[in-house]
Novice: 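Got a structure for you, written out below as structure tokens; questions coming shortly.
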Amino acid sequence: MDKFIIEGGRKLRGKVRVSGAKNAALPIMAASLLTDGKVTLRNVPALRDIATISEILRTLGQRVERTAGTTLEIETVNNAKFEAPYELVSQMRASICTLGPLVAKRGHARVSMPGGCVIGVRPIDLHLKGLRALGADITIKHGYLEARAKRLKGAEIYLGGPYGSSVLGTANVMMAAVLAEGETVIENAACEPEVQDLAHFLNRCGARIEGIGRPILVIRGVDRLHGTSYRVIPDRIEAGTFIIAGAITRSRITVTNVKTRHIAAFLDKMKEIGVEFVRKGSSVEVIPPKRPKAVDLITLPYPGYPTDLQAQIMAYLSVAKGLSLVTEKIYPDRFMHVAELNRMGANIRKEGSSAIVHGVDRLSGAPVMASDLRASAALVLAGLAAEGTTEIGRVYHIDRGYENIEKKLGAMGAKITRVTEKYPA
Ligand code: EPU
């Protein structure tokens, strides 16, 4: 298992380019199951999660090939397959978004039940509610979801749960509805840019989705979808992570390939903290304050503050002047980074689904453990700012969602070494 060794306290300089969005690419790749003809996707990052969904699609009879740097080609070669096995699904919850396309296009899906993970229980009731409303017959046996349907039929579906809308739930039901007979209305649809990107992709393949980016989606079913060529949006969470990297090291860096509209809530919070920005086209120059101001924040569905940037901003708030209150309204247990940040000298107390962050003057390097993707990113950020050396174990979590993070930050002057740990035979 690899670990990172970070020498903290160094200034960053220069530019860093944001890669394609993992969470947009994953469902779009799954949507290739719906199409007849070749799908060419550009701006697809080389990440472990992308490799996992590629493997799942191959077991489902798709040819998936990286033809050049960030370009993937996907095409159906065997449409008789319908099973996504446990060994692969258990590596990544996003595999659940093969369920809708399989049942819509092939009439039969057998997908391993995804488990929970460190950020919470993560139920899939909304996915099942939506697909059942479209007429899929779904059973759960021996850890597998089995879904069957002759042809799905459009329906009116309310997709809200106790924490609001569901990103992949909306994606799954929308993907199934594009090939259903008649009209589907999804109310309380997720509005996240990644869901919008999937809808734009589907429309490019011949789907008829209206209301993209709004909580009521109207989908008129079509008989078939064709292939297309499509460019995936830039990763807003990676963009936010780099912006915090500049701010926490008090360095004026420029982050390029940013869609600022996708991170409006985040930029607004950063301004409240005292960070200034100079925008030029899709580039954002970060002008950090000497010391960040404490703020309160609540994670919410888009366009609210994203949960996927909660851990990273907490690393920054841990050195702010004053007391910040960070409340999770998406995943009430997503605070695995708190104990690790405290090992680095932060003063954070978890209280229910909130964390009270008492800003300290500085963090100090320490051995810490990555627990999930965004928590790992928070530890990298803390390590960049800390005095001394930080050793982060289990960085495979970060490889799931950040492309070459140590190289990208290294090119701006950070000192991050990846060490591959070998175990005795
Ligand atoms: N929920 C339900 N029932 C469901 C589905 C979700 O109650 O059927 C609840 C969840 O437990 C959670 C809330 O609804 O409390 C929102 O979950 P959502 O379904 O929106 O999450 P997701 O679609 O499984 C995606 C991202 C996550 C991101 C969330 C929230 C992908 C591959 N994953 O997950 O990204 O945190 O939306 O924005 O798109 C990450 O990239 O690190 C990551 C975890």
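One-based numbering, in listed order, for ligands and for the atoms of each. Keep in mind it's a predicted model, so treat the numbers as computed, not measured.
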Novice: Between Glu328 and Arg334, does the salt bridge (Lys or Arg N to Asp or Glu O under 4.0 Å) criterion hold? Intermediate values first, please.
Specialist: CA-CA 7 Å; Glu328 251 301 333; Arg334 194 178 205 176; 5.0 Å; no

Novice: May I ask whether Ser166 has any heavy atom positioned less than 4.0 angstrom from an atom of ligand 1?
Specialist: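 A heavy atom of Ser166 does come that close to ligand 1.
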
Novice: If you measure every N/O of Leu373 against every N/O of ligand 1, is any gap under 3.5 Å?
Specialist: no

Novice: Taking atom types as modelled, is there a side-chain donor on His127 or Asn172 under 3.5 Å from an acceptor on the other?
Specialist: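 The criterion, which ignores hydrogens and geometry beyond distance, is satisfied for Asn172 and His127.
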
Novice: Considering heavy atoms of the protein only, find what lies nearest to atom 23 (O) of ligand 1 and give residue, atom and distance to 0.1 Å.
Specialist: Leu168 N, 2.7 Å

Novice: Looking only at protein heavy atoms, which one is nearest to atom 32 (C) of ligand 1, and what is the separation?
Specialist: Asn23 OD1, 3.3 Å

Novice: Does the residue Arg374 have a heavy-atom contact with ligand 1, meaning some pair of atoms that are separated by less than 4.0 Å?
Specialist: yes

Novice: Assess the side chains of Thr76 and Gln62: does a donor N or O sit below 3.5 Å from an acceptor N or O?
Specialist: yes

Novice: Within a radius of less than 6.0 Å around NZ of Lys38, do more than 12 heavy atoms belonging to other residues, nucleotides or ligands occur?
Specialist: no

Novice: Answer with side chain, backbone, both or neither: which part of Tyr331 has a heavy atom less than 4.0 angstrom from an atom of ligand 1?
Specialist: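 Under 4.0 Å from ligand 1, Tyr331 contributes side-chain atoms alone.
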
Novice: Answer with yes or no whether the side chains of Thr254 and Glu285 bring together a donor and an acceptor at under 3.5 Å.
Specialist: no

Novice: Say whether His108 and Glu146, considering side chains only, have a donor N or O and an acceptor N or O under 3.5 Å apart.
Specialist: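 A donor-acceptor contact under 3.5 Å links the two side chains.
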
Novice: What is the ring orientation for Tyr230 with Phe201, classed by angle as parallel under 30°, tilted 30 to 60°, or perpendicular over 60°?
Specialist: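 Tyr230 and Phe201: perpendicular rings.
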
Novice: What do we get for Leu126 next to ligand 1 when only non-hydrogen atoms under 4.0 Å count, side chain, backbone, both or neither?
Specialist: both

Novice: So how far is it from His358 NE2 to Leu317 CG, rounded to the nearest 0.5 Å?
Specialist: 13.0 Å

Novice: Pick one of side chain, backbone, both or neither for how Lys22 approaches ligand 1, counting any non-hydrogen atom pair under 4.0 Å.
Specialist: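 The part of Lys22 near ligand 1 is the side chain, not the backbone.
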
Novice: Do Asn188 and Ser165 meet the criterion of a side-chain donor-acceptor pair at a distance under 3.5 Å?
Specialist: no

Novice: Please list the nearest protein heavy atom to atom 34 (O) of ligand 1 with its residue and the distance rounded to 0.1 Å.
Specialist: Arg122 NH2, 3.3 Å

Novice: Counting each atom of ligand 1 from 1 as listed, which ones have a heavy atom of Pro123 under 4.0 Å away?
Specialist: 2 (C), 3 (N), 4 (C), 5 (C), 6 (C), 7 (O), 8 (O), 11 (O)

Novice: Which one holds for Arg334 and ligand 1: side chain close, backbone close, both close, or neither close, with close meaning a heavy atom under 4.0 Å?
Specialist: side chain

Novice: Short list, please: which atoms of ligand 1 are under 4.0 Å from a heavy atom of His127?
Specialist: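 By the 4.0 Å cutoff, the relevant atoms are 8 (O).
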
Novice: Which is it for Asp308 and ligand 1 at heavy atoms under 4.0 Å: side chain, backbone, both or neither?
Specialist: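 Side chain only; the backbone of Asp308 stays clear of ligand 1.
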
Novice: Closest non-hydrogen protein atom to atom 25 (C) of ligand 1, residue and atom name please, with distance?
Specialist: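 Residue, atom and distance for the closest contact: Val167 CB, 3.9 Å.
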
Novice: In the protein, what heavy atom is nearest to atom 3 (N) of ligand 1, and what distance, to one decimal place, separates them?
Specialist: Asp125 OD1, 2.7 Å

Novice: Roughly how far apart are Asn79 CG and Leu33 CG, rounded to 0.5 Å?
Specialist: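 Going from CG on Asn79 over to CG on Leu33, the span is 10.5 Å.
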
Novice: Using only heavy-atom distances, determine whether the side chains of His337 and Gln312 contain a donor-acceptor pair under 3.5 Å.
Specialist: no

Novice: Is the count of non-hydrogen atoms from other residues, nucleotides or ligands lying under 6.0 Å from Arg42 atom CZ greater than 12?
Specialist: yes

Novice: How far is atom 13 (C) of ligand 1 from the closest protein heavy atom, and which atom is that?
Specialist: Tyr163 CB, 3.8 Å

Novice: Which atoms of ligand 1 sit under 4.0 Å from any heavy atom of Thr307?
Specialist: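 Within the 4.0 Å cut-off of Thr307, ligand 1 contributes 30 (C), 36 (O), 38 (O).
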
Novice: Please say whether Arg93 places an N or O atom under 3.5 Å from an N or O atom belonging to ligand 1.
Specialist: no

Novice: Backbone, side chain, both or neither: what part of Ile119 comes under 4.0 angstrom of ligand 1, heavy atoms only?
Specialist: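 The part of Ile119 near ligand 1 is the side chain, not the backbone.
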
Novice: Name the closest protein heavy atom to atom 16 (C) of ligand 1, giving the residue it belongs to and the distance to 0.1 Å.
Specialist: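 Heavy-atom neighbour on the protein nearest atom 16 (C) of ligand 1: Ile330 CG2, 3.7 Å.
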
Novice: If only atom types and distance count, is the side chain of Thr299 paired as donor or acceptor with the main-chain N or O of Lys329 below 3.5 Å?
Specialist: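 Side chain of Thr299 to backbone of Lys329, a donor-acceptor pair under 3.5 Å: yes, one is there.
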
Novice: Heavy atom under 4.0 Å from ligand 1: found in Ala94's side chain, backbone, both, or neither?
Specialist: side chain

